[in-house]
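To keep things clear, I will list the structure first and then write my remarks on it.
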Amino acid sequence: QVQLVESGGGLVQAGGSLRLSCTASGRTLSTYVMAWFRQAPGKEREFVGAISRSGGSTIYADSVKDRFTVSRDIATNTVYLQMNSLKPEDTAVYYCAGRWGTTMSIHHREYDYWGQGTQVTVSS
């Protein structure tokens, strides 16, 4: 029922930055714990980061810690993934996901709603 839409992906050189956005119509995302996952061809879907319903807490995968930041703007009903110091190994389709629950999770199976994904390609 909840349809999430990601945007902001593209092609960037190593060391560059991108900001991804995730929003939904007809629902308020503050109802959900939100997370970002990514998936490269032939690889398992990988946790990137998550944010609590209030936005007061975040968790990150070790591979992106200190480079990526998850945030949310309640007023605009938008969740963001700020990606800095991008590396070629960050190349993947990035998905936002929502969880009908109160706790953050690193497991994709625990999320109920997903976006269509946006491609991020980092060239060397």
Side-chain angles (χ1 to χ4, degrees):
Q1 186 177 3
V2 177
Q3 187 68 246
L4 305 178
V5 179
E6 305 97 336
S7 62
L11 175 65
V12 64
Q13 292 187 347
S17 298
L18 284 173
R19 188 176 75 163
L20 307 183
S21 300
C22 175
T23 190
S25 60
R27 293 288 188 277
T28 55
L29 296 184
S30 60
T31 303
Y32 307 97
V33 170
M34 298 296 296
W36 290 92
F37 291 81
R38 65 187 183 186
Q39 189 165 24
K43 299 189 68 177
E44 185 74 19
R45 190 161 296 190
E46 177 188 24
F47 173 76
V48 176
I51 189 166
S52 63
R53 294 190 300 174
S54 68
S57 298
T58 55
I59 57 173
Y60 299 95
D62 288 341
S63 59
V64 306
K65 198 169 299 181
D66 300 324
R67 298 189 298 121
F68 291 9
T69 303
V70 181
S71 61
R72 63 195 311 167
D73 187 333
I74 304 301
T76 61
N77 200 34
T78 305
V79 180
Y80 300 100
L81 179 65
Q82 178 67 47
M83 304 185 292
N84 299 325
S85 301
L86 282 161
K87 305 174 180 179
E89 52 262 46
D90 296 318
T91 295
V93 176
Y94 283 71
Y95 299 89
C96 65
R99 181 171 188 259
W100 184 249
T102 59
T103 59
M104 294 179 288
S105 174
I106 67 171
H107 305 294
H108 64 85
R109 291 179 291 104
E110 299 298 321
Y111 288 83
D112 303 298
Y113 306 104
W114 293 84
Q116 83 290 345
T118 187
Q119 177 71 47
V120 172
T121 302
V122 184
S123 64
S124 58

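Quick note: numbers below take in every heavy atom, side chains included, and nothing from hydrogens, waters or symmetry partners.
- Grouping the Ile, Leu, Val, Met, Phe, Trp and Tyr side chains by contacts below 4.5 angstrom, directly or via other members, places Tyr113 with Ile51.
- Counting heavy atoms from C-beta outward, Glu46 and Ser63 have side chains that approach closer than 4.5 Å.
- In the model, Thr78 has no side-chain atom that pairs as donor or acceptor with a side-chain atom of Asp73 under 3.5 Å.
- Listed by chain and number, the residues in a salt bridge (charged side-chain N to carboxylate O under 4.0 Å, His left out) with Lys43 amount to none (sequence neighbours excluded).
- Formation of a donor-acceptor pair under 3.5 Å by the Thr23 side chain with backbone atoms of Asn77 is found in this model.
- A 4.5 Å side-chain heavy-atom check between Val122 and Gln13 finds every atom pair outside the cut-off.
- With sequence neighbours left out, the ring-ring contact (aromatic ring centres under 6.0 Å, His included) criterion links Tyr95 to no other residue.
- Nearest heavy atoms, Ala40 versus Ala92: N-CB, 3.9 Å.
- You'll find the side chain of Thr91 stays beyond 4.5 Å of the side chain of Val120, heavy atoms only.
- Between the OG atom of Ser123 and the CG atom of Leu86 there is a distance of 10.0 Å, given to the nearest 0.5 Å.
- Hydrophobic clustering (side-chain heavy atoms under 4.5 Å, transitive across Ile, Leu, Val, Met, Phe, Trp, Tyr) groups Val79 together with Trp100.
- A donor-acceptor pair under 3.5 Å links the side-chain atoms of Arg72 to the main chain of Leu29, judged by distance alone.
- Residues Gln82 and Ser71 are not in side-chain contact: their nearest non-hydrogen atoms beyond the backbone lie 4.5 Å or more apart.
- Residues Thr102 and Arg53 meet the side-chain proximity criterion, which asks for heavy atoms closer than 4.5 Å.
- Linking Ile, Leu, Val, Met, Phe, Trp and Tyr whenever their side-chain heavy atoms come within less than 4.5 Å puts Tyr111 and Ile59 in one cluster.
- Between Gly98 and Tyr32, the shortest heavy-atom distance links the atoms CA-CB, 4.4 Å.
- To the nearest 0.5 Å, the span separating CZ on Arg99 from OG on Ser52 amounts to 12.5 Å.
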Check: Going through the distances and angles, do Phe68 and Tyr60 end up as a ring pair (Phe, Tyr, Trp, His ring centres under 6.0 Å)?
Finding: CA-CA 8 Å; Phe68 291 9; Tyr60 299 95; 8.4 Å; no
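- The two residues Ala50 and Ser105 come nearest to each other via the heavy atoms CB-O, 4.4 Å.
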Checklist line | Evaluation steps, side chain to side chain contact (heavy atoms under 4.5 Å, CB included), between Gln3 and Trp114 | finding: CA-CA 7 Å; Gln3 187 68 246; Trp114 293 84; over 6 Å; no
Checklist line | Stepwise side chain to side chain donor-acceptor pair (under 3.5 Å) test for His108 and Glu44 | finding: CA-CA 10 Å; His108 64 85; Glu44 185 74 19; 3.3 Å; yes
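- For the ring-ring contact (aromatic ring centres under 6.0 Å, His included) test, residues two or more places apart in sequence or in another chain that qualify with Phe47 are Phe37.
- Scanning all heavy atoms of the two residues, the minimum distance from Ser30 to Ile74 falls at CB-CD1, 3.5 Å.
- Contact of the Leu81 side chain with the Val48 side chain is registered, since non-hydrogen atoms from C-beta on lie closer than 4.5 Å.
- Under a cutoff of 6.0 Å and an axis angle of 45°, Arg38 and Tyr94 do not form a cation-pi pair.
- Not one N or O on the side chain of Glu6 forms a donor-acceptor pair closer than 3.5 Å with the backbone of Thr118.
- Leu20 is listed as a side-chain neighbour of Met83, based on a closest heavy-atom distance under 4.5 Å.
- Interatomic distance, CG of Asp90 versus CZ of Arg67, reported as 4.0 Å (0.5 Å rounding).
- One finds the OH atom of Tyr80 at 5.0 Å from the CZ atom of Arg19 (value rounded to the nearest 0.5 Å).
- Grouping the Ile, Leu, Val, Met, Phe, Trp and Tyr side chains by contacts below 4.5 angstrom, directly or via other members, places Ile106 apart from Met34.
- Met104 and Leu4 fall into different hydrophobic clusters, where Ile, Leu, Val, Met, Phe, Trp and Tyr residues are linked whenever their side-chain heavy atoms come under 4.5 Å apart, directly or through other members.
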